[in-house]
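Predicted model, so just to flag it, every value in this text is computed and none were measured.
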Amino acid sequence: MAVIGFDANAPLPPPQQLLLQQPPQALLERLKDYGQEDVFALWDELSHEERDLLVKDIESLDLSRVDRIIRCSLRSQGLPAAAIEPVPESCVSTLEERTLDERERWWKTGLKAISDGKLAVLLLSGGQGTRLGSSDPKGCFNIGLPSGKSLFQLQAERMLHVQRLAAQATTDNSTSSASIHWYVMTSPFTDEATRNFFESQKYFGLEANQVTFFQQGTIPCIFKDGRFVMETPYRVSKAPDGNGGVYAALRSSHLLEDMSARGIKYIDCYGVDNALVRVADPTFLGYFIDRGVSAAAKVVRKAYPQEKVGVFVRRGKGGPLTVVEYSELDPSLASAINQVTGRLRFCWSNVCLHMFTLDFLNQVANGLEKDSIYHLAEKKIPSIHGHTMELKMEQFIFDAFPYAPSTALFEILREEEFAPVKNGNGSNFDTPDSARLLVLRLHARWVVAAGGFLTHSVPLYATGVEVSPLRSYAGENLEAICRGRTFHAPCEISF
């Protein structure tokens, strides 16, 4: 007897389609436990393929961890913070206090640690160059130097030069590895392009096995009540977890164990968008070792009270050093003067140049994961309702400092070590043009100090000379090539 309306010859739907007529019950129950069942609100409107994508997207999330982060982060908002105090002078090595003997001792100590293979470099490179007008990773950007080198290449060549200096400083070169391992943190948006760029450039002269890439995480964007924002009916809106996501990424990628296995004890950590960064700076490393602290940061003096930079403070009487963002610093405190020194009371600006011990990185990675407190920022988020103002969750690299039993600050000159590349040309500050000029002017001063002369067809303040990082790390050893010679700016003095 035939069944009315049933075609015995019709193909059966694939098993997955049969399974996805309704949301998977176990997954739905888990979502209900966390108050996130709304992610299936538009289930009936989705195609079979879209339903499959949605289920896979939800299953890719560590729901219990994400829920803990949301609850802890929302709960922390509005809680009273301990009052801030200025950084004690004893925590800071200022430029005027340093002696030539100290600088030479720190330089030699740092080179010895590098030659012993104890230093690694950790690069925060998860950002795209969108504000620079480029879809490439920021490190691929060419700021317009005569050499045409990218930020990645400038930094790699500084590492190569330090390695050579460390090998030369070792009495027995045959026992010196003088090899610095480079850990490069990317993001899901920059990882493939970064790897391809390094390969196409033959790792800028470094050995391929010296470089380890790893990705920072992403985390769902949320409404103010903690529910997930949906980017599309079948995908949760996610954003990178901030440059402080490096700690969780190192932990989950087992790279802290990798560092230990390599005999690494110290980690130099910095952001990619600084054209003058002294990667693997032996002087900073030597100072760090000499002080015997867990964490250190290079700092510059705040230029004026309203400058939009975070500053180091002491949180609570006798409490840890940490960073307060400019937007969170009361204007009266921002402009307060230390009557003894004549400086701003809160004057030490954070420029994302840090040094950590490996033991401390382990402590931070575990502590931040346990506490699960992220910064909440109201941003335009892509959603099924268009771009709406919702919440991104991020951690910042300086979130590590409150965990440090001891922190030291090392003053540097902006014009020597800080040329940020954040905004496109035409902006008022931190552009490729401004960074290029900072590099050219600094290197021109090096050349003149080494006995060289400059000619130029445009005003000297608008041009200068580029010294290859392979030729000189910080202006040293240029006399042999510069003394008595004339260079026409702009030009490159290559290796």
Side-chain angles (χ1 to χ4, degrees), residues 95 121 123-125 127-129 131-134 136-159 161-162 204 243 268-281 283-284 297-304 307-310 348-354 397 410-449 458-476 489-493:
L95 291 165
V121 169
L123 168 59
L124 310 176
S125 182
Q128 293 170 290
R131 282 193 285 170
L132 301 174
S134 170
D136 293 329
K138 204 178 281 188
C140 301
F141 200 79
N142 164 13
I143 64 172
L145 291 169
S147 66
K149 291 174 181 174
S150 65
L151 292 171
F152 280 141
Q153 183 166 354
L154 293 172
Q155 293 159 21
E157 291 185 353
R158 286 175 193 141
M159 285 176 57
H161 194 106
V162 170
F204 316 106
N243 60 16
D268 178 26
C269 177
Y270 71 98
V272 72
D273 52 2
N274 179 357
L276 280 176
V277 57
R278 290 187 182 175
V279 185
D281 180 0
T283 301
F284 185 38
K298 288 184 173 181
V299 292
V300 299
R301 298 192 191 203
K302 195 173 180 182
Y304 52 93
E307 187 182 12
K308 294 182 177 180
V309 291
W348 300 118
S349 301
N350 173 46
V351 289
C352 196
L353 300 170
H354 304 316
I397 190 70
F410 187 83
E411 185 186 3
I412 58 172
L413 289 173
R414 289 172 186 259
E415 58 268 29
E416 291 185 354
E417 299 191 47
F418 189 49
V421 186
K422 297 182 180 294
N423 305 307
N425 286 327
S427 298
N428 292 328
F429 55 89
D430 297 348
T431 65
D433 281 350
S434 65
R436 182 183 69 255
L437 284 177
L438 284 167
V439 174
L440 293 177
R441 290 172 186 169
L442 173 64
H443 292 189
R445 293 196 295 274
W446 290 356
V447 169
V448 171
V458 297
L460 190 56
Y461 65 80
T463 188
V465 176
E466 177 189 2
V467 177
S468 168
L470 297 174
R471 168 62 65 179
S472 181
Y473 180 77
E476 77 290 339
C491 67
E492 181 196 13
I493 299 175

CD-NE2 distance between E492 and H443, expressed to the nearest 0.5 angstrom: 10.5 Å
Within the 4.5 Å heavy-atom criterion, are N274 and F418 side-chain neighbours or not? yes
Could you tell me the separation between the CD atom of E307 and the CZ atom of F429, rounded to the nearest 0.5 Å? 9.5 Å
R301 side chain vs R414 backbone, donor-acceptor pair below 3.5 Å: no
Under 3.5 Å donor-acceptor, R158 side chain and Y473 backbone: no
Separation of T463 OG1 from L437 CG (nearest 0.5 Å): 8.0 Å
Applying the side chain to side chain contact (heavy atoms under 4.5 Å, CB included) criterion to E157, which one of V162, V279, L470 satisfies it? L470
How long is the gap from CG on L442 to CD on E417, to the nearest 0.5 Å? 9.5 Å
Main-chain N/O of A280 paired with D268 side-chain donor or acceptor, under 3.5 Å: yes
So do the side chains of V421 and K138 get within less than 4.5 Å of each other, counting heavy atoms only? no
Between N350 and G310 (side chain of the first, backbone of the second, donor and acceptor by atom type, cut-off under 3.5 Å), is there such a pair? no
Nearest heavy-atom neighbours spanning A435 and P420: CB-O, 3.9 Å
Below 4.5 Å, heavy atoms only, C-beta onward: do Y270 and H354 meet side chain to side chain? no
Between L353 and F410, is there a side-chain heavy-atom distance shorter than 4.5 Å? no
Could you please spell out the steps behind the side-chain contact (heavy atoms from CB on, under 4.5 Å) verdict for W348 and E411? CA-CA 8 Å; W348 300 118; E411 185 186 3; 3.7 Å; yes
Criterion side-chain contact (heavy atoms from CB on, under 4.5 Å) on L413 and L95, from CA distance to verdict: CA-CA 8 Å; L413 289 173; L95 291 165; 3.3 Å; yes
To the nearest 0.5 Å, atom CG of N142 lies from atom CG of D136 at 11.5 Å
Tell me, do E476 and H161 make a side-chain contact under 4.5 Å, heavy atoms counted? yes
Spell out, as yes or no, whether a donor-acceptor pair under 3.5 Å connects the side chain of N243 to the backbone of I397. yes
Find out whether L145 and L154 are in side-chain contact, i.e. whether some heavy atom of one side chain is under 4.5 Å from a heavy atom of the other. yes
Could you tell me the separation between the CZ atom of F204 and the NZ atom of K149, rounded to the nearest 0.5 Å? 11.0 Å
Measuring only between side-chain heavy atoms, which start at C-beta, is D273 closer than 4.5 Å to F141? no
Should I412 and R278 count as side-chain neighbours, where that means a heavy-atom distance under 4.5 Å? no
